[in-house]
Enquirer: 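Before anything else, here's the structure in question.
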Amino acid sequence: MKTSSLGDLEVSRIGLGAMGMSAFYTGAGRTDDESVRTIHRALDLGVTHLDTAELYGPYTNEELVGRAVRSRRDEVVLATKFGLVSHTGRLGPDSTPANIRLAVEGSLRRLGTDHIDLYYQHRVDPGTPIEETVGALAELVSEGKVRHIGLSEAGPATIRRAHAVHPVAAVQSEYSLWTRDPEAEVLPVLRELGIGLVPYSPLGHGFLTGNIRSLDGLDADDWRRTNPRFTGGNLERNLRIVDEVREVAAEVEATPAQVALAWLLAQGDDIAPIPGTKRVARVEENTAVVGVGLTAGQVARLNGLAPASGDRFDEANMAAIDR
């Protein structure tokens, strides 16, 4: 497994997003034993970067990850997030120093560790200046409870202000063949400042695997049933994207998921995606992407894919994204 640098933090080129093991997707919370086997298999294959958050469950995903890595903590770069769960009684996002203190202690306990390798603000809190939030995080770094800090879905101005207070190692944002948003403004700022990009949902919430042709088979509470890209006829319109990915996959004798990840890796060595899965077979498929090579022509062809139909979140969640 190759590695990427997120600021001064070295992680495996392909990470593992644990969210779907416990929340939001079909089968979440029903396959904990298989999820633990998947995490162990990922570590065996050289994956070092595991991503979770207190929100996922809430709390149960951190507990699951903590159980899975208890005997292998030294092999893992543990990343988790705070800020969308308030422990102080405040409504809405809470990145106040008081909430951060309560949140980090809970995450450390659930993860069964004395430090978090990469601690993200889950969403920018419009009610708390970013300088105040990062100042509180810097104190946790000085105390050894946090090794590196990150932001999620932060805009260029916020990234600059945060980095001026304390070095930001990584920004986590949705980035894939059907979500190219970071390219215009965020990615240039990250590269200027030496910050890594961690794409979440690099497989388009499973769509780019080519295995979702309809909503049949998804649980009634599966988050994708209310997502604009999967509803209102947009899923059918978006099939053209995965069909073109399938064509490239046939050319290189790979799977559509591997092509989608290979395209991301081709965008730069400072990009470290965290595809999520709760299945051993999928983590084996995803990590094998390091052996998939795309030609310059194939990358250009994928670059030219038509944009996805539909917003990537509903109106409320789109409003929570810092721009």
Side-chain angles (χ1 to χ4, degrees), residues 13-17 19-20 24-27 173-184 187 197 199-220 222-268 271-314 317-318:
R13 200 74 211 279
I14 296 291
L16 175 60
M19 181 191 76
F24 303 118
Y25 290 147
T26 294
S173 292
E174 185 173 357
Y175 184 34
S176 70
L177 277 171
W178 81 342
T179 299
R180 306 277 296 273
D181 304 23
E183 293 177 345
L187 197 49
L197 177 63
Y200 73 82
S201 297
L203 299 178
H205 309 291
F207 184 80
L208 295 173
T209 66
N211 296 320
I212 300 176
R213 310 287 298 184
S214 74
L215 297 180
D216 296 342
L218 298 185
D219 288 350
D222 190 302
W223 172 82
R224 288 167 290 192
R225 284 189 174 275
T226 59
N227 180 273
R229 290 191 177 173
F230 290 84
T231 57
N234 284 332
L235 184 150
E236 291 76 15
R237 285 186 281 271
N238 287 327
L239 288 175
R240 70 190 188 282
I241 297 174
V242 79
D243 288 342
E244 293 188 56
V245 175
R246 278 179 178 273
E247 291 180 12
V248 174
E251 294 172 9
V252 298
E253 298 182 341
T255 66
Q258 289 172 334
V259 167
L261 291 172
W263 174 84
L264 265 179
L265 298 185
Q267 305 310 305
I271 294 175
I274 48 169
T277 184
K278 55 182 179 290
R279 297 185 176 89
V280 168
R282 290 286 179 249
V283 85
E284 291 175 340
E285 176 185 354
N286 293 342
T287 53
V289 70
V290 295
V292 175
L294 300 177
T295 67
Q298 288 165 335
V299 171
R301 179 175 162 192
L302 294 169
N303 284 343
L305 287 172
S309 296
D311 286 336
R312 59 191 180 98
F313 289 120
D314 60 24
N317 281 295
M318 286 299 295

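This structure is a prediction, so every number in the text was calculated from the model and none was measured.
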Enquirer: May I have the step-by-step check of side-chain contact (heavy atoms from CB on, under 4.5 Å) for V242 and I212, ending in yes or no?
Expert: CA-CA 10 Å; V242 79; I212 300 176; over 6 Å; no

Enquirer: Is a side-chain N or O of R282 found less than 3.5 angstrom from the main chain of G276, in a donor-acceptor match?
Expert: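 Flag not set: sc R282 to bb G276 has no pair under 3.5 Å.
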
Enquirer: State whether the side chain of R246 and the backbone N or O of T209 hold a donor-acceptor pair below 3.5 Å, judged by distance alone.
Expert: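 Here the side-chain-to-backbone pair does not exist.
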
Enquirer: To the nearest 0.5 Å, what is the distance between OH on Y25 and NE2 on H205?
Expert: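 Between Y25 OH and H205 NE2, I get 5.0 Å after rounding to 0.5 Å.
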
Enquirer: Spell out, as yes or no, whether a donor-acceptor pair under 3.5 Å connects the side chain of Q258 to the backbone of A249.
Expert: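 Flag not set: sc Q258 to bb A249 has no pair under 3.5 Å.
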
Enquirer: Please round to the nearest 0.5 Å and tell me the distance separating atom CG of L235 and atom CZ of R229.
Expert: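 That separation rounds to 12.0 Å.
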
Enquirer: So, the side chain of N238 versus the backbone of A308: is there a donor-acceptor pair under 3.5 Å, distance only?
Expert: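 Not at all, since once roles are kept as given, no pair shorter than 3.5 Å links the two residues.
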
Enquirer: We want to know whether R224 and N227 form a side-chain donor-acceptor pair, criterion being a heavy-atom distance below 3.5 angstrom.
Expert: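 There is no such pair (donor and acceptor under 3.5 Å, judged by atom type) between the side chains of R224 and N227.
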
Enquirer: Counting distance only, does the side-chain N/O of D219 pair as donor-acceptor with the main-chain N or O of D222 below 3.5 Å?
Expert: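 Checking the backbone N and O of D222 against the side chain of D219, no donor-acceptor pair under 3.5 Å is found.
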
Enquirer: Are any non-hydrogen side-chain atoms of E244 and V248 less than 4.5 angstrom apart?
Expert: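 Side-chain contact under 4.5 Å: no.
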
Enquirer: For V259 versus A254, what's the shortest heavy-atom pair and its separation?
Expert: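 Residues V259 and A254, closest heavy atoms: CG2-CB, 4.4 Å.
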
Enquirer: Does atom CZ (R279) have a neighbourhood of more than 12 heavy atoms from anything else shown, all under 6.0 Å?
Expert: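 At most 12 heavy atoms, drawn from other residues, nucleotides or ligands, come within 6.0 Å of this atom.
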
Enquirer: Do L265 and L294 come close enough that some side-chain heavy atom pair is under 4.5 Å?
Expert: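 L265 does not reach L294 side chain to side chain.
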
Enquirer: Ignoring hydrogens and geometry beyond distance, is a side-chain donor-acceptor pair present between S176 and R312 at under 3.5 Å?
Expert: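 Note: S176 and R312 side chains miss the donor-acceptor criterion.
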
Enquirer: In Å, rounded to the nearest 0.5 Å, how long is the span from CG of L239 to CZ of F207?
Expert: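 Taking CG in L239 and CZ in F207, the distance rounds to 4.5 Å.
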
